Amino acid sequence: MLTLDAITIENGGYAVQADLTIAPGQRVAVIGPSGAGKSTLLGGIAGFLPVPHGRILWRDAEITASTPGQRPVAMLFQDGNLFPHLTLAQNVGLGLRPDLRLSPEQRAQVDAALTRVGLSGLGARKPAALSGGQQSRAALARVLVQSRDILLLDEPFAALGPALKADMLDLVAEVCADTGATLLMVSHDPTDARRICSHAVLVADGQAHPPVETATLLNDPPPALRAYLGQDGLP
Amino acid sequence: MAWRTQPVISPRSGVVAAIAIAALMAAALGAVLWRAEGGRGLGPADWSALRFTVVQAAVSALVSVALAVPVARALARRQFMGRGLLITLLGAPFILPVIVAVIGLLAVFGRNGWISTALGWAGFEPVHIYGFHGVVLAHVFFNLPLATRLVLQGWADIPAERFLLAAQVNADARAIRRLLEFPMLRQVLPGALAVIFAVCLTSFAVALMLGGGPRATTIELAIYQAFRFDFDLGRAALLALVQIALTLGAALMALRLGRGDGFGAGLDRPVRRWDANGLGLRALDAGVITLAAAFLLLPMGAIVANGLAGLSALPNSMFRAAGVSLGVALASAAVLLLLALPMAIAAATGRAATVETAGLLGLAVSSLVLGTGLFILIHPIASPAAFAWPVTALVNALMALPFALRILIPPAREVVRTQGRLAQSLAMPGLSFLRLVLLPRLRRQIGFAAGLGAALSMGDLGVIALFADADRATLPLQIYRLMGAYQMQAAAGGALLLLVLSLALFRTFDWLGARHADA
């Protein structure tokens, strides 16, 4: 269980507050108006932003003061998820050993992960030689070998077209099923949330609300979300 | 909850490097203070050296900048074949060894040079290059390109839309001068003047070769003479104090007024202009560019022409000295990177203030003053000559450090900014980040910085002149000695050798960095 125990996350001038729990293995969309603090929430959980008040716990162990790398968290950002000068295999290998001194077994594991995401045989390529969708797949292959308990997605597929994005979301759902990871995914698009997330956290006015069922939230959105989604709140 | 931002890579070694540099500078300055014999005060010769130092620097700056304005204006508003090459050449004097340039200038402007010979045919007296004129001439040779780049940057920074707007209202060249160009020059020229003034204050090798005598001795030359001729450490230290005050004052002034050179980013494209199409202005610009190019290229041509003839006359001592110089230059480049890389990392991970303070300290001390301090420190313990090579390599590295930092800090900051978060989320240790991310990403800049450092050290004729005895000469010092013995042909051959080696060092490092460098 991921517990955000009355935390405040600071991000420059403003702060986001959260007091909620998320069940292990759950897939949760983080939705809300622009600038409400969705990315801030993820940055706090990942350890990139200071949490001066409250505690963050995973399976009853406190991680509030842990560095990003010590936390049971893998995160994909909007961009910069691959090192542009390293090959795909190296980028994926970093998820196993961040100093890249890989054993033969680990190399095999990297190849298997690349195959799993549909990039079989492309391990020697560099990111620039790939399409946007393939780059996303490579980043997901790394998440796969990292096999962390929590996966945070801060709109990594925002630049992809609708069909490609749907493919990626399905792949994310598969990766989560494979690794048993708990997912928190920032999304601007209610269809994304409906597609793979059973639950949703609404972030509005600097407050992250406890998760509710995605369909419930989207079918009868509160005023802040309604204004953001449009007239009737329905996609 | 105690929460601190953990940098992706520790700034510690860079902070240690900055502190070590500060400590070394402080020790050298302390030694100068300790040995300076204030009781005697400055003698008439010292006052005259002070006066000459300031006057030649001021005149050199004024002439360089005054000539740079028409050259930069011509380059800013004309497009022609070889324009890019010419702008690249404007950067070349930076790594051109001073002694090479001086030998080239002597071949063109000297008593037996091309111009004097031509004047002789016409029945005129030969020109005089030694003394005030020669020092200013050489300083203009080195700083006209720098001034041109600074002023050209000013023109490039005028937004192209302003020129479109001016064309809309049918502004002629005079109106554009008043509307756009004079305001820009008012902003740019003070900085350019201050930078060149500061550079000329600490120029030692030019004064050594073209100055001298009671009427053309700079303070740095006086320091050298106090060492070499009188071995009067007290007087040398006192003069060094005067030089520190001068350098520091000029450096602070240049920092306040200067805007940074930026290594010529964005100078490749002239703005389309409609105001300067008249035949007169076009002829004027063509003439200015031709004259400037001739002023810069003729001495280089003379080096090659005379040097080729002298190559066969090169004594063995010259090749030995070349070997010494290569070793010193490579060691200096290594020291430079060992200092600059950690400092750039520290600056990129939030310790910029510490690094910049150490850099500012370096501005207070010229290489000869630093050498004086180190000499005073070493002298009681050991023979300074035994330390000639390591001290030269170290001092050269310290003098190149500000440039290396300016090359390395911006990309290091960019890599940490764009890729630090990913590395942190992967729990990548600092050393792995260095090996896997930072060094590969900075390859190109590291090669460039090492090339600059090696070339600058290769051509340096400063500290080595204080420390070296007959057996430990570097190539520039050996050339200087041959000039002193009037073996001009061998000196010219040595100058060509030095020029080729300096450029080859720079190009090799630059190429090593650019090769396999990732986008």
Side-chain angles (χ1 to χ4, degrees), chain A residues 5 7-10 42-44 46-56 62-87 90-101 126-129 139 142-143 145-146 148 151-152 154, chain B residues 1-13 341 344-345 348-351 407-408 410-448 511-519:
Chain A
D5 180 11
I7 60 168
T8 303
I9 305 167
E10 286 187 346
L42 263 58
F48 291 114
L49 294 171
V51 178
H53 306 294
R55 300 181 306 156
I56 303 175
E62 181 167 352
I63 56 170
T64 323
S66 307
T67 62
Q70 290 167 347
R71 301 187 183 206
V73 171
M75 183 162 179
L76 294 185
F77 311 103
Q78 279 186 10
D79 44 37
N81 289 306
L82 299 172
F83 290 108
H85 61 292
L86 300 181
T87 65
Q90 286 177 312
N91 266 295
V92 174
L94 289 172
L96 290 168
R97 280 205 63 159
D99 62 1
L100 272 187
R101 300 185 200 283
K126 291 193 177 173
R142 197 191 58 233
V143 169
V145 300
Q146 279 182 280
R148 299 282 177 96
L151 173 57
L152 305 178
D154 190 1
Chain B
M1 182 50 60
W3 199 95
R4 281 187 314 128
T5 318
Q6 298 275 345
V8 61
I9 181 167
S10 166
R12 201 180 310 126
S13 47
L341 263 177
I345 290 169
T349 50
R351 302 298 295 269
I407 294 165
L408 291 173
R413 205 169 259 160
E414 182 66 10
V415 169
V416 168
R417 190 182 68 77
T418 58
Q419 289 163 33
R421 208 171 44 162
L422 175 56
Q424 278 182 309
S425 79
L426 293 167
M428 193 183 269
L431 274 180
S432 296
F433 184 71
L434 180 70
R435 176 172 62 89
L436 294 172
V437 182
L438 208 47
L439 290 183
R441 299 298 281 168
L442 295 185
R443 241 190 111 107
R444 188 183 295 272
Q445 288 86 2
I446 291 171
F448 184 50
W511 173 75
L512 282 176
R515 197 183 51 141
H516 302 314
D518 292 286

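Values below: all heavy atoms of this structure, side chains included; hydrogens, waters and symmetry mates excluded. In what follows, chains are A, B, ... by sequence order, proteins preceding strands, each numbered from 1. All figures in this text were calculated on a predicted structure; none of them were measured in a lab.
The environment of B:L431 atom CG is sparse: at most 12 non-hydrogen atoms of other residues, nucleotides or ligands sit within 6.0 angstrom. Environment of CZ in A:R148: crowded, with over 12 heavy atoms of neighbouring residues, nucleotides or ligands closer than 6.0 Å.
Nearest heavy-atom pair across B:S425 and A:F48 is CB-CZ, 3.9 Å.
Distance CZ/A:R101 to CZ/B:R435: 4.0 Å, rounded to 0.5 Å. Between the NE2 atom in A:H85 and the CG atom in B:L436 there is a gap of 7.0 Å [rounded to 0.5 Å]. B:T418 contributes atom OG1, which lies 9.0 Å from atom CG of A:D79 (distance to the nearest 0.5 angstrom). Residue A:F83 holds its CZ atom at 4.0 Å from CG of B:L422, rounded to the nearest 0.5 Å.
The side-chain heavy atoms of A:P84 and B:Q419, taken from C-beta on, include a pair separated by under 4.5 Å.
At a 4.5 Å heavy-atom cutoff, A:R97 makes no contact with chain B through either its backbone or its side chain. Of the two parts of A:L82, only the backbone, made up of N, CA, C and O, holds a non-hydrogen atom closer than 4.5 Å to a non-hydrogen atom of chain B.
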